[in-house]
Every structure is written in structure tokens, then in C-alpha cells.
K.L.:
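Next up is a structure, given as C-alpha cells.
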Amino acid sequence: MAVTKGSVQTPDQILQVDQVFEKEDLEWAGVVRSWLDEHVRDSIGDWYLEGTIPARELAKGLGELGVLGMHLEGYGCAGSTATQYGLACRELEAVDSGLRSLVSVQGSLAMWSIHHWGSEEQKEEWLPRMAAGEAIGCFGLTEPDVGSDPAGMKTRATRDGSDWVLNGAKMWITNSPVSDVMVVWAKTDEVNEKTGEKGLVRGFVVPTDTPGVQTPEVQRKLSLRASITGEIVLDGVRLPESAMLPKASGLKGPLSALSEARYGIIFGVTGAARDSLEQALLYTDSRIQFDRPLSSFQISQQKLAKALGQYSAITLTAAHLGRLKDSPAGVRPEQISLGKMVNVDTAMNIARDLRALFGGSGITSEYSPLRHAINLETVLTYEGTHEVHQLTLGRALTGINAFAN
């Protein structure tokens with residue numbers, strides 16, 4: 001039977017994404033996408049297989065493009081809207097989650113912490129260089145034995161005269177082996193005014209060439225391979241008083257930065273979902289089976305239609321949270337948890353389901369859905385596990401804290 005084709009529409013045309021986002025915001029996203037197509041897309045599969053990424057070279061290019069810390073004001077930062085930043089993350093993750101992680105850790109964790117909690121001297125010293133991609137930053141919170149419960153951190157900062165001395169270790173730190181500066185969180189002997197207990201958490205801006213700092217790289221990763229991940233080892237690291245972030249006191253410091261980074265994830269994973277769907281559409285249209293394109297079979301169209309519905313839902317969720325974040329009221333932590341929980345899980349399922357349409361070809365680096373799905377396994381875990389966000393939303397719904405007995 002002959003196959004009759006009707007009009008063809010892209011996923012974004014069916015969603016009418018031009019009615020979801022402002023024209024100028026989509027034009028900006030197009031600029032980012034074009035830069036990535038020119039400089040990154042053709043190489044990302046090889047970098048993934050090699051387990052590396054040219055972070056310093058990319059940081060300089062991304063700095064020139066203007067995406068590093070773009071949602072911050074001053075100090076060489078663009079001062080863009082949250083939605084514009086989200087759309088940049090969407091284009092970055094459409095290429096690879098590792099690329100979005102590089103930008104997210106730089107801008108939403110390290111730069112944001114210095115910008116929000118730092119002294120004027122710290123801002124002037126680091127932010128312009130980081131915005132330009134001339135200096136790479138990382139964010140040290142997670143530890144080898146402490147992940148979802150940051151209050152249990154073992155890294156310590158103790159007073160020695162007018163100095164601070166840091167000892168401890170951090171784990172799963174994006175960018176640390178190539179970083180120039182790190183924002184490290186540690187417990188001090190200071191008393192927490194809210195709880196009356198010793199162990200107030202403080203943040204410190206630590207140049208990575210400080211004696212006693214080591215940043216070994218994590219090897220043999222099966223996910224997020226086009227990303228440089230490492231440890232931070234602190235052995236008697238002596239810092240001046242001026243290294244402490246003066247405006248950060250308690251866990252609010254690191255947790256507020258994590259909320260910023262999670263926002264970028266909410267947008268970013270829609271890019272991975274879109275790229276999976278776009279590649280599936282191209283492949284099924286060109287792949288001939290039983291003298292017909294694969295796209296002409298009912299089961300293929302069922303998978304594609306399901307993915308479109310899921311992609312549309314997470315894109316609208318991201319757009320809504322972007323508008324909230326840009327509004328005077330802002331976006332609440334439980335709303336960020338909702339977006340992170342739903343969008344990552346949904347995007348991962350889209351990539352998994354569509355991978356099957358590629359048959360054997362789908363397990364090669366030539367096509368992106370399986371790479372996206374494997375990367376999203378990491379995104380599901382980091383910056384708040386799926387389960388932690390479920391408990392956060394459960395607490396918001398019931399008023400009962402299920403985190404502790």
C-alpha cells in the first residue's frame with residue numbers, strides 16, 4: 001500500500017512554542033543553538049566515548065557567547081532574565097547534559113554563591129574572570145559519605161589566629177580537576193543562633209592552587225562522561241579571614257545555590273527530550289522497513305505522539321516556573337522541586353522510549369537518545385535526588401516532615 005504524506009510539523013510547531021516564550025527570548029536561544037551546532041555538536045559523541053570534554057576551551061567560548069553567569073547583574077555578567085537563562089540551558093542540554101552541567105556549576109553554583117553571599121572584594125576578584133570563561137569554578141558540598149543530608153558534613157573549618165584552616169573531602173564535584181577557584185562549605189566551631197548548637201556552616205572561596213588542596217578526577221563513569229568530575233581533598237588548607245563568604249550563615253547558603261542550579265535543570269532536560277524526539281523523527285522518516293518508512297507504522301507514531309505529549313508538558317512546566325522566577329514574588333523551593341522531579345524523570349523516559357525506534361543503531365554514539373537517557377540517570381540523582389524532591393513535595397502537601405524519624 002502506498003504511503004501518503006501530509007504536512008509535517010516539528011514538535012515546537014505543534015506546541016506553538018513561539019506563543020509560549022517571547023520572540024526575543026527564542027531568538028537568543030537560536031543564537032546559543034547555532035553556536036553549539038558550529039562548535040560542539042559534531043564532537044560531543046566522541047568526547048562522551050573518550051570520557052572527557054575540553055572544558056577550558058569551551059569555557060572561553062561560552063564566556064564570549066555570554067552564557068556564564070548570564071542571569072547575574074554586574075561584574076561582567078549579562079543580567080538576563082531567568083527565562084533567557086533557562087532557554088540557554090535548554091539548548092546546552094539538547095547537545096549534552098555534561099555541557100549544561102559545566103555552565104550550571106560555573107554560573108548557578110560557584111558564581112551565584114560569590115555574587116549573592118560574597119564580599120565586594122571577592123566579587124571583583126573572581127566574577128569578571130569567571131563570566132569571561134578565563135577562570136573555572138566549582139562547588140564543594142557533597143562528601144564521600146554525605147549526600148542528601150548536608151547537615152551531616154564532616155569537612156571542618158577551624159580558627160587559627162586570624163586564619164581559617166580547612167580539613168575534609170568533597171566528592172562528585174563537577175569541574176573540580178580543571179577549576180581555578182572553588183566554593184567550599186564546611187562546619188565551623190561557631191554557634192548556630194537558631195539551634196544553639198556548634199557547627200555553623202560557612203562558605204569559603206578557595207583558589208585551587210592553595211597549598212593542601214587536591215582535586216583528583218573521578219574515573220570510569222558510565223554516565224555524564226562528557227563532563228569532568230572530581231574530588232576536593234583539603235589537608236590543612238590555610239585561608240585568610242577574607243576567604244569566608246561574609247553573608248552566608250548556615251545551610252541556607254549552599255541550599256539556596258542548589259535551588260538556582262535546579263532551576264537550570266528544569267529547563268535543560270527539555271532540551272534533551274526535544275533533541276531525542278527530533279532525532280527520532282529524522283531517523284524513522286529515513287529508515288525503510290517492509291518497503292515503507294519506519295515513521296509510517298502505527299507503533300512508531302504511537303511512540304512519537306506519546307513523546308510529544310510528554311515533551312510539551314515539561315516545556316510548559318519550565319516556562320511557567322520561568323515566569324514565576326522572573327516575577328516579583330519569585331519561585332518557591334517546593335515549586336523548583338516539583339519541576340526537577342517531574343521534568344527529569346519525564347525527559348529520561350522520553351529518551352529511553354525513543355531509543356527503541358533506532359534498533360541496533362540506537363546503541364551507538366551516532367544517535368543521541370541513549371546518551372541522553374544515560375546522562376539523565378545522573379541528573380536524576382544530583383542536586384537533590386528524585387526521592388528527596390518527592391519528600392519535599394510530600395511535606396508541602398501534608399505539612400509532615402518525613403525526612404527524619
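As the structure is a computational prediction, the values presented were derived from the model and not from experiment.
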K.L.:
Would you say that Ser249 contacts Arg202 through its side chain, given a criterion of any heavy-atom pair below 4.5 Å between the two side chains?
P.N.:
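Ser249 vs Arg202: side chains touch.
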
K.L.:
So which heavy atom on Ser113 is nearest to which on Leu245, and how close?
P.N.:
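For Ser113 versus Leu245, the nearest heavy atoms are O-CD2, 4.2 Å.
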
K.L.:
Enter the distance from Asp46:CG to Ile53:CD1 here, rounded to the nearest 0.5 Å.
P.N.:
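Result: 12.5 Å between the selected atoms.
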
K.L.:
State, yes or no, whether a side-chain contact exists between Leu62 and Trp35 at a heavy-atom distance under 4.5 Å.
P.N.:
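They are in contact (side-chain heavy atoms under 4.5 Å apart), so the answer is yes.
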
K.L.:
Return the minimal non-hydrogen interatomic distance between Cys89 and Gly264, and the atom names on each side.
P.N.:
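Heavy-atom minimum between the residues: CB-O, 3.5 Å.
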
K.L.:
Output all residues satisfying side chain to side chain contact (heavy atoms under 4.5 Å, CB included) with Ala151, sequence neighbours left out; order by chain, then residue number.
P.N.:
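Expected list: Asp149, Leu251.
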
K.L.:
Considering only residues two or more places apart or on different chains, which pairs with a residue in residues 322-336 satisfy side-chain hydrogen bond (donor to acceptor under 3.5 Å, both in side chains)?
P.N.:
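Checked against side-chain hydrogen bond (donor to acceptor under 3.5 Å, both in side chains) - neighbours excluded - the pairs reaching residues 322-336 are Thr83-Asp326, Glu260-Lys325, Arg332-Glu334.
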
K.L.:
Between Asn167 and Asp235, is there a donor-acceptor pair closer than 3.5 Å when you use the side chain of the first and the backbone of the second?
P.N.:
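No, because the side chain of Asn167 does not come within donor-acceptor range (under 3.5 Å) of the backbone of Asp235.
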
K.L.:
Find the distance between CD (Gln214) and CD1 (Ile232) and round it off to the nearest 0.5 Å.
P.N.:
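Atom-to-atom, Gln214:CD and Ile232:CD1 are 12.0 Å apart.
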
K.L.:
Would you say Leu397 has more than 12 foreign heavy atoms packed within less than 6.0 Å of its CG?
P.N.:
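Atom CG in Leu397 is packed in, count exceeds 12.
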
K.L.:
For the backbone of Val95 and the side chain of Arg371, can you confirm whether one donor and one acceptor N or O come within less than 3.5 Å of each other?
P.N.:
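Here the side-chain-to-backbone pair exists.
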
K.L.:
List in chain and number order the residues that pass salt bridge (charged side-chain N to carboxylate O under 4.0 Å, His left out) with Arg90, two or more places apart in sequence or in another chain; answer none if no residue qualifies.
P.N.:
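Only Asp12 meet the salt bridge (charged side-chain N to carboxylate O under 4.0 Å, His left out) criterion with Arg90.
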
K.L.:
Please examine the side chains of Met153 and Leu141, heavy atoms only from C-beta on, and report whether any two atoms are closer than 4.5 Å.
P.N.:
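A side-chain contact under 4.5 Å exists here.
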
K.L.:
For Met70 versus Ala88, what's the shortest heavy-atom pair and its separation?
P.N.:
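Taking every non-hydrogen atom into account, SD-CB, 3.9 Å.
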
K.L.:
Evaluate the side-chain proximity of Phe403 to Val388: yes if any heavy-atom separation is below 4.5 Å, no if none is.
P.N.:
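In contact.
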
K.L.:
Does CD in Gln13 sit with more than 12 non-hydrogen atoms of other residues, nucleotides or ligands closer than 6.0 Å?
P.N.:
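Atom CD in Gln13 is crowded, with more than 12 foreign heavy atoms closer than 6.0 Å.
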
K.L.:
Answer with yes or no whether the side chains of Asp345 and His386 bring together a donor and an acceptor at under 3.5 Å.
P.N.:
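Asp345 and His386 do not have a side-chain donor-acceptor pair below 3.5 Å.
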
K.L.:
Would you mind reporting whether Lys247 and His116 have side-chain heavy atoms less than 4.5 Å apart?
P.N.:
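No; the side chains remain at least 4.5 Å from each other.
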
K.L.:
Give the intermediate values and the outcome of side chain to side chain contact (heavy atoms under 4.5 Å, CB included) for residues Thr215 and Met182.
P.N.:
CA-CA 10 Å; Thr215 56; Met182 55 186 72; 3.8 Å; yes

K.L.:
Counting heavy atoms not belonging to Asp209, are there more than 12 under 6.0 Å from its CG?
P.N.:
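Check passes, neighbour count above 12.
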
K.L.:
Got a sec: does the CD of Glu24 have more than 12 other heavy atoms crowding it under 6.0 Å?
P.N.:
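For Glu24, atom CD is crowded (more than 12 foreign heavy atoms under 6.0 Å).
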
K.L.:
Can you establish whether the number of heavy atoms outside Glu57 located under 6.0 Å from its atom CD is more than 12?
P.N.:
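Check fails, neighbour count at 12 or below.
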
K.L.:
Rounded at 0.5 Å granularity, tell me how far CG in Asn175 sits from CZ in Phe139.
P.N.:
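It is 12.5 Å, given to the nearest 0.5 Å.
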
K.L.:
Using a strict 4.0 Å threshold on nitrogen-to-oxygen distance, state whether Glu93 and Arg274 make a salt bridge.
P.N.:
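Not counted as a salt bridge, because no side-chain N and carboxylate O are separated by less than 4.0 Å.
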
K.L.:
Run the numbers on Lys252 and Trp117 for side chain to side chain contact (heavy atoms under 4.5 Å, CB included), then give the verdict.
P.N.:
CA-CA 11 Å; Lys252 181 181 178 181; Trp117 302 117; 4.2 Å; yes

K.L.:
Once you round to the nearest 0.5 Å, how far does CG of Asn375 lie from CG of Leu370?
P.N.:
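Taking CG in Asn375 and CG in Leu370, the distance rounds to 9.5 Å.
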
K.L.:
Without swapping roles, check the side chain of Lys340 against the backbone of Ile266 for a donor-acceptor pair under 3.5 Å.
P.N.:
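Flag not set: sc Lys340 to bb Ile266 has no pair under 3.5 Å.
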
K.L.:
Above 12 or not: heavy atoms from other molecules or residues under 6.0 Å from CD1 of Ile14?
P.N.:
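Yes, enclosed.
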
K.L.:
Given 3.5 Å as the limit, does a donor-acceptor pair link the side chain of Glu143 with the main chain of Thr155, or not?
P.N.:
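At least one qualifying donor-acceptor pair exists.
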
K.L.:
Checking side chain to side chain contact (heavy atoms under 4.5 Å, CB included) for the pair Glu383/Leu109: CA distance, chi angles, key distance, verdict?
P.N.:
CA-CA 11 Å; Glu383 295 180 23; Leu109 290 180; 3.9 Å; yes

K.L.:
Can a salt bridge be assigned to the pair Asp160 and Arg238 using a cut-off of 4.0 Å between side-chain N and carboxylate O?
P.N.:
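Judged by the 4.0 Å cut-off on N to carboxylate O distance, Asp160 and Arg238 do form a salt bridge.
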
K.L.:
Answer yes or no: is there a donor N or O on one side and an acceptor on the other, between the side chain of Arg225 and the main chain of Leu49, under 3.5 Å?
P.N.:
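Checked: pair present.
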
K.L.:
Hey, can you tell me if Tyr75 and His115 have their rings parallel, tilted or perpendicular (30° and 60° cut-offs)?
P.N.:
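Plane angle over 60°, so perpendicular.
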
K.L.:
Looking just at side-chain N and O atoms, do Ser361 and Glu366 make a donor-acceptor pair shorter than 3.5 Å?
P.N.:
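Per modelled atom types, Ser361 and Glu366 side chains form no pair under 3.5 Å.
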
K.L.:
For residues Val213 and Leu234, determine if any side-chain heavy atom of one lies less than 4.5 Å from a side-chain heavy atom of the other.
P.N.:
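Yes, at least one pair of side-chain atoms sits under 4.5 Å.
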
K.L.:
List the atom of Thr208, the atom of Ser179, and the distance in Å for their closest heavy-atom pair.
P.N.:
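Closest approach of Thr208 to Ser179: OG1-O, 2.7 Å.
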
K.L.:
Determine yes or no for a side-chain-to-main-chain donor-acceptor pair under 3.5 angstrom, with Thr174 supplying the side chain and Leu102 the backbone.
P.N.:
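Checking the backbone N and O of Leu102 against the side chain of Thr174, no donor-acceptor pair under 3.5 Å is found.
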
K.L.:
Does the side chain of Pro333 come within less than 4.5 Å of Thr392's, by heavy atoms?
P.N.:
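Not in contact.
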
K.L.:
Out of curiosity, Trp28 CH2 to Leu87 CG, how far, rounded to the nearest 0.5 Å?
P.N.:
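Going from the CH2 atom of Trp28 to the CG atom of Leu87 covers 10.5 Å.
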
K.L.:
Quick one: closest heavy-atom pair of Ala248 and Gly253, and the distance?
P.N.:
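In terms of heavy atoms, the two residues are closest at CB-CA, 4.4 Å.
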
K.L.:
Closest heavy-atom contact between Val184 and Val206?
P.N.:
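Looks like CG2-CG2, 4.1 Å.
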
K.L.:
Nearest 0.5 Å please: distance from the CE atom of Met111 over to the CZ atom of Arg129.
P.N.:
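Between atom CE of Met111 and atom CZ of Arg129 there are 12.0 Å.
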
K.L.:
Would you say the side-chain atoms of Gln84 pair up with the backbone N or O of His71, donor to acceptor, closer than 3.5 Å?
P.N.:
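Between the backbone of His71 and the side chain of Gln84 there is no qualifying donor-acceptor contact (under 3.5 Å).
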
K.L.:
A quick test of your reading: do over 12 heavy atoms of other residues, nucleotides or ligands sit less than 6.0 Å from CD1 of Ile288?
P.N.:
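Enclosed.
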
K.L.:
Who pairs with Leu304 by side chain to side chain contact (heavy atoms under 4.5 Å, CB included), at least two apart in sequence or on another chain?
P.N.:
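Result, side chain to side chain contact (heavy atoms under 4.5 Å, CB included) vs Leu304: Leu277, Ala280, Leu281, Thr284, Leu354, Leu357.
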
K.L.:
Can you check side chain to side chain contact (heavy atoms under 4.5 Å, CB included) on Thr378 and Trp172, steps first, answer last?
P.N.:
CA-CA 11 Å; Thr378 294; Trp172 307 117; over 6 Å; no

K.L.:
Strictly by modelled atom types, are Tyr85 and Ser108 linked by a side-chain donor-acceptor pair under 3.5 Å?
P.N.:
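On atom types as modelled, these side chains qualify, holding a pair under 3.5 Å.
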
K.L.:
For the pair Gln122 (side chain) and Ala243 (backbone), establish whether a donor and an acceptor sit closer than 3.5 Å, ignoring hydrogens and angles.
P.N.:
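Confirmed, Gln122 side chain pairs with Ala243 backbone.
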
K.L.:
Is the backbone N or O of Gly359 less than 3.5 Å from a side-chain atom of Arg355, with the two atoms forming a donor-acceptor pair by type?
P.N.:
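Flag set: sc Arg355 to bb Gly359 pair under 3.5 Å.
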
K.L.:
Using side-chain heavy atoms (C-beta onward) and a distance below 4.5 Å, is Ile136 in contact with Arg56?
P.N.:
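Side-chain contact under 4.5 Å: yes.
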
K.L.:
Enumerate the ring pair (Phe, Tyr, Trp, His ring centres under 6.0 Å) contacts for residues 192-211, please, sequence neighbours excluded, ordered by first and then second residue.
P.N.:
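Ring pair (Phe, Tyr, Trp, His ring centres under 6.0 Å) check on residues 192-211 returns Trp164-Phe204.
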
K.L.:
Who passes side-chain hydrogen bond (donor to acceptor under 3.5 Å, both in side chains) against Arg395, sequence neighbours left out?
P.N.:
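For Arg395 there are no side-chain hydrogen bond (donor to acceptor under 3.5 Å, both in side chains) partners, ignoring immediate neighbours.
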
K.L.:
Is a side-chain N or O of Lys123 found less than 3.5 angstrom from the main chain of Gly74, in a donor-acceptor match?
P.N.:
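No, Lys123 side chain to Gly74 backbone: no donor-acceptor pair under 3.5 Å.
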
